[in-house]
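Contents: one structure, followed by commentary.
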Amino acid sequence: REDNSLQSPDACRIHGHLYVNKVAGNFHITVGKAIPHPRGHAHLAALVSHESYNFSHRIDHLSFGELIPGIINPLDGTEKIASDHNEMFQYFITVVPTKLHTYKISAETHQFSVTERERVINHAAGSHGVSGIFMKYDISSLMVTVTEEHMPFWQFLVRLCGIIGGIFSTTGILHGFGRFVAEVIFCRFRLGSYRSTSVPLPDGHTSNHLPLITDNSTH
């Protein structure tokens with residue numbers, strides 16, 4: 001703790017980096033002194049009471065390879081609260097080698113995906129294991145290559161001309177359709193003003209035909 005609080009320290013902050021081989025492996029945080037042996041190492045925690053365990057944790061940042069801005073690390077900001085003193089947290093990580101080739105940067109780094117699992121250790125109930133935080137990683141056999149490419153200027157002009165032509169064609173179709181509808185409506189009103197009228201005939205009959213329009217000369 002950097003402050004001068006009278007409260008006793010109740011947490012640890014771990015930071016740093018480590019080198020790993022490009023094979024499956026794990027690194028972990030648990031209780032007890034590490035004792036090496038031919039197949040790895042063991043932790044001696046017989047003198048530590050299980051009631052004092054608390055593996056609640058928050059992962060501020062975890063990444064593989066060179067740190068490059070813009071790459072999302074899925075475990076950043078992960079926070080877990082232990083529901084029991086004797087609890088195991090496991091993270092199964094698949095690391096994918098990645099090559100970046102852009103106009104600003106060219107580098108080799110690694111992305112990863114992760115699945116999580118947590119369970120309470122209870123030997124009496126058949127749930128065996130060691131309490132702690134375990135990161136189990138495996139290297140993918142595939143590689144991802146990210147390349148940045150820009151569209152040529154001539155191709156941009158061709159697409160721009162196509163967009164402009166499509167706009168003019170669409171507006172022309174809409175204009176023609178609107179004009180057709182307007183002509184239909186106005187022509188109907190115009191025909192309505194020329195309704196047939198009754199014209200009396202000398203013999204007493206009526207004619208419903210429109211009168212013949214002639215000039216002012218008499219015949």
Side-chain angles (χ1 to χ4, degrees), residues 2 11-30 34 39-41 55-83 87-119 129-130 132-182:
E2 296 181 357
C12 306
R13 176 172 295 179
I14 301 174
H15 61 90
H17 63 274
L18 53 92
Y19 294 96
V20 297
N21 296 324
K22 291 186 177 182
V23 294
N26 77 88
F27 55 92
H28 49 265
I29 301 170
T30 187
R39 299 187 59 182
H41 68 274
F55 287 102
S56 300
H57 60 279
R58 183 180 70 247
I59 302 175
D60 293 326
H61 176 75
L62 178 67
S63 61
F64 290 82
E66 183 179 353
L67 182 61
I68 298 177
I71 292 184
I72 298 176
N73 300 299
L75 283 179
D76 290 2
T78 299
E79 184 172 331
K80 297 291 184 180
I81 305 299
S83 59
E87 191 165 357
M88 173 191 288
F89 296 90
Q90 293 176 304
Y91 297 93
F92 300 93
I93 300 172
T94 301
V95 183
V96 181
T98 304
K99 288 185 177 181
L100 297 177
H101 298 286
T102 66
Y103 289 90
K104 294 183 178 180
I105 190 173
S106 180
E108 294 185 6
T109 184
H110 296 78
Q111 302 179 85
F112 67 92
S113 60
V114 60
T115 56
E116 306 172 7
R117 181 189 179 191
E118 56 185 87
R119 61 186 176 92
V130 179
I133 305 170
F134 292 83
M135 303 286 182
K136 299 185 178 183
Y137 60 89
D138 192 8
I139 309 297
S140 174
S141 58
L142 302 177
M143 176 178 289
V144 175
T145 301
V146 181
T147 305
E148 181 181 5
E149 295 181 355
H150 288 280
M151 182 187 301
F153 185 71
W154 64 268
Q155 189 175 357
F156 169 75
L157 291 178
V158 171
R159 292 191 178 185
L160 181 62
C161 293
I163 293 173
I164 295 175
I167 293 174
F168 275 101
S169 300
T170 304
T171 53
I173 294 173
L174 295 177
H175 175 73
F177 180 75
R179 184 176 180 181
F180 172 75
V181 173

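Note that CD1 of Ile167 is 7.0 Å distant from CD1 of Ile163, once rounded to the nearest 0.5 Å. With rounding to the nearest 0.5 angstrom, the CG atom of Leu157 is 9.5 Å from the CD1 atom of Ile164. From Thr98, atom OG1 reaches atom CD of Glu108 across 10.0 Å, with rounding to the nearest 0.5 Å. Taken from CD1 in Ile29 to CZ in Phe89, the straight-line distance is 12.0 Å, to the nearest 0.5 Å.
For CD1 of Ile72, the number of neighbouring non-hydrogen atoms (other residues, nucleotides, ligands) closer than 6.0 Å is 12 at most. Applying the 6.0 Å contact sphere to NE2 of His175 captures no more than 12 heavy atoms from other residues, nucleotides or ligands. In the displayed structure, Phe168 atom CZ is contacted under 6.0 Å by at most 12 heavy atoms of other residues, nucleotides or ligands.
A salt bridge is absent between Lys136 and Asp138: the closest approach of a Lys/Arg side-chain nitrogen to an acidic carboxylate oxygen does not fall below 4.0 angstrom. Using a 4.0 Å cut-off between charged side-chain N and carboxylate O, Arg119 and Glu87 make no salt bridge. The pair Glu148-Lys104 does not count as a salt bridge, with every side-chain nitrogen at least 4.0 angstrom from each carboxylate oxygen.
Counting only heavy atoms from C-beta outward, the side chains of Tyr91 and Ile133 approach each other to under 4.5 Å. Considering only heavy atoms from C-beta on, Leu62 comes within 4.5 Å of Ile93 through its side chain. In this structure the side chain of Glu118 never reaches within 4.5 angstrom of the side chain of Gln90, judged on heavy atoms. Side-chain contact between Phe112 and Asn73 is present, with heavy atoms from C-beta onward closer than 4.5 Å. You'll find the side chain of Lys80 reaches within 4.5 Å of the side chain of Glu116, heavy atoms only. You'll find the side chain of His110 reaches within 4.5 Å of the side chain of Val95, heavy atoms only.
Between the side chain of Thr78 and the backbone N or O of Leu75 there is at least one donor-acceptor pair closer than 3.5 Å. Formation of a donor-acceptor pair under 3.5 Å by the Thr102 side chain with backbone atoms of Leu100 is not found in this model. Checking side-chain atoms of His57 against main-chain N and O of Phe55 turns up a donor-acceptor pair under 3.5 Å.
Between Phe153 and Phe156, the ring planes are tilted. Angles from 30° to 60° get that label. Aromatic ring pairs are classed by plane angle as parallel below 30°, tilted from 30° to 60° and perpendicular above 60°; the pair Phe64 and Phe27 is tilted.
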Walk me through it: do Val23 and Ile139 pass the test side-chain contact (heavy atoms from CB on, under 4.5 Å)? CA-CA 6 Å; Val23 294; Ile139 309 297; over 6 Å; no
Go through it in stages, so that I can follow the logic: the residues are Asp60 and Arg58, the test is side-chain contact (heavy atoms from CB on, under 4.5 Å), and I'd like the CA-CA distance, side-chain angles, deciding distance and then a yes or no. CA-CA 6 Å; Asp60 293 326; Arg58 183 180 70 247; 3.0 Å; yes
Test side-chain contact (heavy atoms from CB on, under 4.5 Å) on Met135 and His28 and set out the steps. CA-CA 6 Å; Met135 303 286 182; His28 49 265; over 6 Å; no
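Minimum heavy-atom separation, Pro97 to Ser140: CD-O, 3.9 Å. The minimum heavy-atom distance linking Ala82 with Ser56 is given by the pair N-OG, 2.8 Å.
A donor atom on one side chain and an acceptor atom on the other are not found under 3.5 Å apart for Thr147 and His101. Neither side chain, Thr109 nor Glu66, offers a donor N or O lying under 3.5 Å from an acceptor on the other.
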